[in-house]
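Because the structure is a prediction, the values reported are computed rather than measured. By convention in this document, chain letters (A, B, ...) are assigned in the order of the sequence lines, proteins followed by strands, and residues within each chain are numbered from 1.
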Amino acid sequence: MSNEKDLYRALLDLKGQEILVVTQAAQLNLLGQVFRPIFCGEVSEVTEGSVTLDPVIIKMLNAPFYEFPLPLSIPLEKVVSFSTEVPCDLAFPLT
Amino acid sequence: MKRCYHVVAIPIRIVVNTFGDYNPNGYMYVLKENESKVRELVRKNPFTPVDLVQPLVIRANEGDEVEILFENKVHFNTGMHFQDVSYDVQEADGAAVGLNEDTTVAPGEKIVYRIIADQEGISYFSDLGNPSSSEEGSNGNGLFGALFVQKRFSWWTDPVTGKTINSGVDADIHHPLLPSHREYAWIFHDEMEINDLTGNNPVDPMTNQETESFHGVNYRYEPLHRRQQLIEEGVVGPGTDGEEVHHDSWVFGDPASPILKGYVGDPARIQLVHGGVKETHVFHYHVHQWLSDQSNIESNIIDAQAVSPQSNYTIDPLYGLGSLQGSYGDAIVHCHLYPHFMVGMWGMNRVFDTLQDGSQCYPNGEKIKALQPLPDRPAPPAPTKERPGFPNFIPGKVGYKAPRPPLGIKGGRGLTELEANAAVPNARPGAVFSDPTPPGTKVIEFNVSLIELPIVYNKQGWNDPKGRIYVKDEDKEDVLAGRKDPEPLVIHTPANVAIRVHFTNCLPSVLDGDAFQLVTRTYESGMHIHFVKFDQLVCDGSNIGWNYDTSVLPGQTITYEYFADVELKAWFFHDHIFAVVDQPHGVFGSGVVHSRFSSFFDSETGETVDHGTQISVTNPLIPDYRDLALFAQDFALLFDAKGNPIQPPAFPGSQDDPGVFGVNYKNEPLQFRLGKDCDPAFSFSSFEHGDPITPILRAYEGDPIRIRLLQGAQEESHSFNVHGLKWLEERADLDSKLDDQRHVGISESFTFESYLPRSGDYLWAFETEEDLWNGLWGLIRAYGQKVPDLVKLPDRPIPNIPTGAVPDVCDPRPDAKLKKLNPPPSPLKTFDIVAFQVPIQYNSYGDHDPYAIVFALREDQEAILKGKKNPEPLVIRANVGDTVEVTLTSELKRELFPFQDGIYPYPDVKEQACYPPSLRISLHPQLIDFDVKTSSGETVGFNGDQTVGPGEKRTYRWFVDSAHGACGLWDMADIRNHKSQGAFGAFIAEPRGSTYHDPYSLCQIKTGARAVIRNPFLPDIREFVLIMHDGVRLLDKCDQVIVDPVASVLLEDEPEEESVDTYDQGSHAFNYRNERLINRYNEKPVLHQLFSSKTFRDPATPLLEAYAGEPVTIRYLYPAERRRTQTFHFHGHQWRSDVKDVDSRIDSTIGYTVTGKKQDLELIGGAGGIKRYPGDYMYRSGNIQWGIEKGLWGIFRVYEYLQEHLPPLGED
Amino acid sequence: MNHPRQQSVLQQRDQAMIDEFVAGVGRRVFILTPSFPFLFIGKILKVIDDIATIDVETTSVAQLEEKVWNVHIHSIEVFYIESIGGRKIPDLEG
């Protein structure tokens, strides 16, 4: 990432690019469907507090390329790791 | 804290019910303080059950040191072997294993056992001094019990008196910080010898034949045949037939079997223990649900639990007694295997809504014993004249069938005054005395009928002329007219709705007799549901205890109401009134609860549906998916196209395994799928034979899928396997392990979530040999391109991989071509494997298989053929991230097969037919990743051929995607003639960076069941691969066939000419070795020293060796091949039941192991357990009957001192 | 040891999250939390300190819906606040 003095600006530079983001929770539960919080998508909005991906894929165990019907905003404090070098269509083990 | 118990083993007459049935040769453990009282009471009451004659249950707290002074007063050596606690194996094993001292005691002698109760749970104890399964054995006659370990700081009292107690099946448990709860022991057992009052084997008055063997709970059983006698003799129940009032207390009074008592909302715990010797039972408890793993809140919620001999489970009903809806009444608790249920394996949980102080009576005048309220809960209201409480407001007549419920039946009656006082404010049909449905909940209504019609099961015309099935009223005409194919009714709803069913009984009131069944007057039926929330008094679809009879007569309609809260799974329903006779004909179905806001459509047309075994589901927030429900059936009472019964029993009404099998009322037996070349290798291929008639789940590549696995009928275990897919064992817990196999027993229900990673045909199968042979298999078809009549899932794209035209039956079967990868994958492991026949010596007594088939590395073949190496199943290993290429060659020779037509006089399977052995071979791996079109090992559906013929080579490509640990490997070219002969092995998926070493030389190895696994980031471990298998045809040293199991039974002077069920036939082994106890007994008839290496020698089974404290992982597998499940037990050690989940329950047994089962056991504390005690630890089957005797045991030797031949871990 | 600059980064982010929810008052929001009941869909009514008060239309269990919940903003794992002209969170009936 260029402009590395400031994460906010660094993320702004990533607008329009794909990133893979993993957040803190062990798992999330949406109407009984559980999944690890692994998201991959295009950076559409950045604030000092969060980054929004749109469109975004949730890498569910049983649907690893599921495109979520809404954009998802991720609080920066919940981000554990992210990478710009993992393409969203890459298949990899999730266990 | 130290607790002391003085326990005595005594012979005792056990009277098992009020009809005077008894075991003259019973044995029990009893506290010394009760010994003379028990003997005296039994002497005075030779024909009535004595309360104190019950399995011994003692208690301690977690962390306690428990000292047992054990005294033996029976006439052979006995002991107490404890499971799931820590002890010094040389001093307290209760057995004489290997080089250990003998810790059984002779008659008249005593011993002190010291154990530490490490964690909360159940410690089962039993005798190993007399491992015979005959009538002279100890376990079968009642010599077992349990220690229930409570949380620290607990104490316990008698539920009737409130005083402290030292033993007893029921107790109230108290704690300074946690809620008090009821604790009930529920100890199943089977096969006990029973005489009737005349001293003879009991006879069933309906069939005039000997009854089924004893199946009971806590030394009691309440059989249908005894109660039926009272009806036959006109004593009670005028106008009734029998099964419909089997559990009815209005007719007969309460049963002798356990009644667990409590008040609505009481926290409760049922300690489910299997003290039996042979069968896997299914524990089912009406109205309530619980977590399958008490220590894991994310585990599956269930209401039926399969339990195998010597295993146990803790069952905490969610929300307390009466569940979320606060329902009260009699909730039956029983083994769901119908023949066992029928013969008396049931009891009740009686939930009172009013205070019982001992002054009240049941409607028949019997006193209601006092029940102390739990001290930290408000007591229920005292009974009054206006509100007498259950059961005294129910308008029944003693001696007659229970009354029907108020309000529920169309055109039926309203409430009496007493009923109105007891009713909830919003009383309505289906919900009168408790209201399961929160206000404002959406209600979905279904009109369901039960009808009778002939059902054709397969293309050869096997049929059930009296199929009985549930249908939606709207479909009735179409189904009866043949316009719609009959299938089990599966209704679909989203979560958080109320389901109202208007059920109409459209059955004829007589079920005609035939070769299978006696004529039965099935004049009423209902819908009993599992799992959802309902008012048990008016909605259970059954007739239990003092409840109403909630079924209806022909032509009548009753309304049931259920609330499906949140758990997403399939719930089972069936008739509970004439289940033994009706259910084999198809009387079962399911409701599936999906995520909220889901909607359902037909996969072919896209039209909205609300029922169907195969549908598609869409949801605005979660991924859409395909849904398939599969119901396994046995006791399918079918006739062939000419009207001849298929596999009829010895007499009509016999419960001895009649009939064949089905899945969703269909089967596709392999005997009809031999093509022109007569080669079994192509039996699953749709080229030439067409697709099977059994369910095919159709989807597009990439579609998520959910499979609902259920068993509709009737008694036996089945093993469901899917080739090429896997799912989380605990669906809601991402930390749980992945699996591709599941044992299922009657009434259990599982949901598997997965998705289809690649196009192709995936085989699903109930994969025990007899099930598969008789047609229990089908396909999951993932299309790689659009096809007509398969609507896409709305949130998924249609794949567009041009795969050419969709294959046709008439096309020639292609060869599955493996594309070369350029550049070649890295890292890559290759194996050159050859399959060939060679005799195998199973033990030092000369038991052998002259016709075994083995897989081996080519480099090892010569040594094996020359006899320099006694063959073991092939075990290969690779690491996560490895691509594995296996090149397989067949060197099978026709003349080395014992039966050229594939028909075996022994061991038998049902409906044997010509199936000449294939010379082709293949290898199918479990769990790891591969393309089903090239590398699954079977030639299935429209996939190309993946088997290899003599002289040919084939390469499979697999990818190790995760550290799955133990994965089975087996042949799929000929499921009749190869697998029981040894055509299986194991693949171990190890963590990244691991290397594998011979434990003796420490050199790196390519194969081997024993290894030291080294890894830069993980501890070195000793790994032992134990492969349990069965169905083996062995010859003894005189080349006579060993007719197991009968040939292996100890102390059977005159082995009966009994016919053994097909799935019990054949010998068992670990890694092609067994140590049959009868061989040892014939050498030296010392029962209690049969496991001793001092008296004999080390057994032929694998000797596992380690130093105390070393990390040890056992890779346990069961690839082949019969339907009888075994329990695997390991003395003195425990492991996490889910190796991937630190929160999972701690076990020392693996239950219901059957074809396809595998488990990784990471021994807690390492070799020797937490306390690192050196010594010899037995690993064995938990099945006293036809398990251990057959030779299923071995030794794990834990050394204290350095042994020259065994380098310790950590040494180079 | 809390480095002064790290401390202010944390505070900045936390404050920025609060600001997003303040700016979203009156709009519908979709929230996932790791803790039960896992899901909230509703209208943001107000924000006090780091707590967002939400009029919840939908959550995982019907009995907890149509009620006002106060959600700790810093416990939210992922979320989406509707914006004018942006995608609408679906209305979930039944």
Side-chain angles (χ1 to χ4, degrees), chain A residues 18-42 44-45 50-75 78-83 85-95, chain B residues 298 301 494-496 565-569 593-598 619-626 702-707 725-728 730-738 751-758 793-797 880-881 927-929 959-964 1140-1141 1143:
Chain A
E18 276 188 349
I19 59 169
L20 177 90
V21 180
V22 183
T23 63
Q24 254 173 19
Q27 64 183 44
L28 295 174
N29 181 326
L30 178 52
L31 300 179
Q33 174 78 61
V34 296
F35 56 95
R36 285 204 211 292
I38 307 173
F39 309 98
C40 198
E42 200 181 290
S44 67
E45 288 242 16
S50 69
V51 58
T52 301
L53 304 183
D54 182 22
V56 63
I57 279 170
I58 308 181
K59 298 200 74 66
M60 301 194 176
L61 255 185
N62 62 329
F65 300 101
Y66 170 54
E67 190 178 312
F68 196 64
L70 300 172
L72 283 179
S73 303
I74 303 171
K78 294 296 180 191
V79 171
V80 171
S81 61
F82 68 91
S83 173
E85 295 181 22
V86 180
C88 291
D89 59 1
L90 179 69
F92 56 89
L94 292 164
T95 50
Chain B
E298 278 154 0
I301 298 181
N496 245 220
D565 47 350
V566 288
E567 180 60 11
L568 307 182
K569 62 183 283 178
V593 182
H594 300 261
S595 296
R596 295 181 69 206
F597 318 116
S598 298
N619 187 292
L621 285 181
I622 68 168
D624 303 335
Y625 54 92
R626 311 280 181 191
D703 282 355
I705 63 171
R706 291 192 192 187
I707 299 175
L725 296 180
K726 44 195 179 267
W727 53 81
L728 290 168
E730 304 285 0
R731 201 194 52 80
D733 181 0
L734 286 171
D735 286 329
S736 87
K737 67 182 180 213
L738 291 167
T751 289
F752 307 130
E753 253 179 42
S754 189
Y755 83 110
L756 300 168
R758 298 176 192 82
L793 293 174
D795 65 1
R796 283 203 48 74
V880 173
L927 282 183
I928 51 182
D929 195 38
F959 178 70
V960 185
D961 55 334
S962 185
H964 297 295
K1140 299 287 185 200
D1141 190 342
D1143 286 330

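Counting all heavy atoms, side chain and backbone alike, B:Leu621 lies closest to A:Leu30 at O-CD2, 3.8 Å. Across every non-hydrogen atom of B:Asp735 and A:Arg36, the tightest pair is OD1-NH1, 4.2 Å.
Distance check, rounded to the nearest 0.5 Å: OH of A:Tyr66 to CG of B:Asp624 gives 7.0 Å.
If you measure heavy-atom distances from B:Pro620 to chain A, the contacts under 4.5 Å come from the backbone alone. Of the atoms belonging to B:Asn619, it is side-chain heavy atoms, and not backbone ones, that fall under 4.5 Å from chain A. In this structure, chain A has heavy atoms under 4.5 Å from both the backbone and the side chain of B:Arg731.
When the candidates B:Pro757, B:Pro704, B:Gly702 are compared by the number of heavy-atom contacts under 4.5 Å with chain A, B:Pro704 comes out ahead.
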Self-check item: Derivation of the side-chain contact (heavy atoms from CB on, under 4.5 Å) call for A:Leu31 and B:His594
Solution: CA-CA 9 Å; A:Leu31 300 179; B:His594 300 261; over 6 Å; no
